[in-house]
Protein chains: 2
Amino acid sequence: MATSLAEENYLKIIYRLCEGTKEDISTNSIAELTNNKAASVTDMLQKLAEKGWVTYQKYQGVRLTKIGESIALSIIRKHRLWEVFLVEKLGYNWDEVHEIAEQLEHIESETLINKLDSFLDFPKIDPHGDPIPSQEGEIPELGYLHLSEVKLNETCTLMGVAKDSAVFLQLLTKLNLSLGARLEVLEFNTFDRSVSLKIAEEKPIFISHEVAKNILVKV
Amino acid sequence: MATSLAEENYLKIIYRLCEGTKEDISTNSIAELTNNKAASVTDMLQKLAEKGWVTYQKYQGVRLTKIGESIALSIIRKHRLWEVFLVEKLGYNWDEVHEIAEQLEHIESETLINKLDSFLDFPKIDPHGDPIPSQEGEIPELGYLHLSEVKLNETCTLMGVAKDSAVFLQLLTKLNLSLGARLEVLEFNTFDRSVSLKIAEEKPIFISHEVAKNILVKV
DNA sequence: ATTAATTTTTAGTCTAGACTAAAAATTAAT
DNA sequence: ATTAATTTTTAGTCTAGACTAAAAATTAAT
Ligand SMILES: [Mn+2]
Ligand SMILES: [Mn+2]
Ligand SMILES: [Mn+2]
Ligand SMILES: [Mn+2]
């Protein structure tokens, strides 16, 4: 069945919200991410349920069905592959690609995305460290930790970010925090939970808890 | 001012219809190419006139304004550059790219298309031999002839096609007629205006007037 | 010059996807 | 257990962009 742009955006956002939790998700949480009013969300949820892409009980929240999830994953696959293209081939920075990929992810073609995948040499992650779902909708669970959760004095590698707003990514760039960086947490400050850390063998820098929480690392 | 997808498609089609002629173009001719009813076209023409992209007098036809033309050209630029990308980088055939480019041409980004242009090494023509407008909206007049109009026994080069339907392009491919081919017309058959021609030094082939008319050549 | 045929516009309608205001249901607080 | 606060849904509205049917204007035919 064909999907409209609006439907695709809803499915993607519902996927993101479902990811973390086993609970059904709320109308308001969707409204917040889509920048729509709750009433509009209710409307769309009824349509999506009608099409069999979500299970929805009024007042009780919503979840993706298997089909809904596979649609969401195909859009995420497209989003991330296009982001790789924009960075690897066109020379964009990682903080500049999200808005463009938001548009490109809706291009509809049976063949396009697989040819793009092949052209890019089958990347496994996007410029933000996020895994790229396979054609079959498989997405590896990478099991990264938030930098705010690692043990002291243990070296870890920056593998991704939990947020892709441009200002956040620009801040990381300015701090010299990029994918692959070797990090060691020296101290968690108990007052404001700010973090003192070393990048490679450089002299220590400070980052806020807010930043540390959105950095994903592998130990 | 922002342009919607529907508006962009109308402007592009109006551009195509204006190209050939000095006359204002008719509501019906637009309706035919957009696959809309005349009433819907009238509606849109009023909106486009309101925005200053066309001059429109009811019952008297329509033309693009300077601004309307520059919007149309920027969409055509995007369409053709994406077609080059699809053929050169992703390995599509020339008969497979039109529909996908119809979608890609609407991606909106200040920087994207120029980065793409650079990545493709500033191509001057698309896979169908059509010229690519510059960033400033300049488009060279190539002055090609239709193969149905050339002189007998004069060698010419296949430079483009006047039609990009997939079946037409597939036929050319099957006949071994591709951009750059060296052609020599041996005879125009007076009965059905079919054309006998040689490709390079191969043995002669026959094509219909309909085909010859849609092949563009340089003498 | 009239009349007929054709083209174009107007008037009214529909759908998707948004909105606001009010009603209903759920959850939190006493 | 009731009441208050919060969340969600319903009802009604709006806009863009399509449609059909009927009216109006233009063009072609006598
Ligand atoms: Mn992104
Ligand atoms: Mn990303
Ligand atoms: Mn094309
Ligand atoms: Mn083309």
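The shown structure was predicted, so the numbers you read here are calculated from the model rather than taken from an experiment. A, B, ... follow the sequence lines: proteins, then strands. Residue 1 opens every chain.
Residues passing the side-chain hydrogen bond (donor to acceptor under 3.5 Å, both in side chains) test with B/Q170, sequence neighbours excluded: B/D95. With sequence neighbours excluded, the residues forming a ring-ring contact (aromatic ring centres under 6.0 Å, His included) with B/H98 are B/H79, listed by chain and number. With sequence neighbours left out, the side-chain hydrogen bond (donor to acceptor under 3.5 Å, both in side chains) criterion links A/D192 to A/S194. Partners of B/T3 under the side-chain hydrogen bond (donor to acceptor under 3.5 Å, both in side chains) rule, at least two apart in sequence or in another chain, are B/E8.
Distance A/N35 CG to C/dA18 P: 11 Å, rounded to the nearest Å. Atom CG in B/L5 sits roughly 16 Å away from atom C1' in C/dG17 (whole-Å rounding).
The stretch residues 41-50 of chain A participates, sequence neighbours left out, in no side-chain hydrogen bond (donor to acceptor under 3.5 Å, both in side chains) pair at all. Evaluation of the side-chain hydrogen bond (donor to acceptor under 3.5 Å, both in side chains) test over residues 127-148 of chain B, restricted to residues two or more places apart or in two chains, returns B/E83-B/H128, B/S134-B/E136.
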* Structure fact -> Writing each nucleotide of DNA chain C 5' to 3' as (, ), [, ], | or . by Watson-Crick or G-U pairing under 3.5 Å yields ||||||||||||||||||||||||||||||

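Taking the charged nitrogens against the carboxylate oxygens, B/E102 and B/K12 do have a contact shorter than 4.0 Å, which makes a salt bridge.
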* Asked: Going 5' to 3' along nucleotides 2-16 of chain D, which nucleotides have protein heavy atoms under 4.0 Å from the base (write B), which only from the sugar-phosphate (write S), and which from neither (write -)?
  -> -----SBBB-----S

Acceptor/donor pairs from residues 112-122 of chain B side chains to any protein atom, 3.5 angstrom cut, sequence neighbours excluded:
| residue | atom | partner | partner atom | Å |
| --- | --- | --- | --- | --- |
| B/N114 | OD1 | B/R77 | NH2 | 2.7 |
| B/D117 | OD2 | B/R77 | NH2 | 3.3 |

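Residue A/K37 places at least one side-chain N or O under 4.0 Å from the OP1 or OP2 atom of C/dT20.
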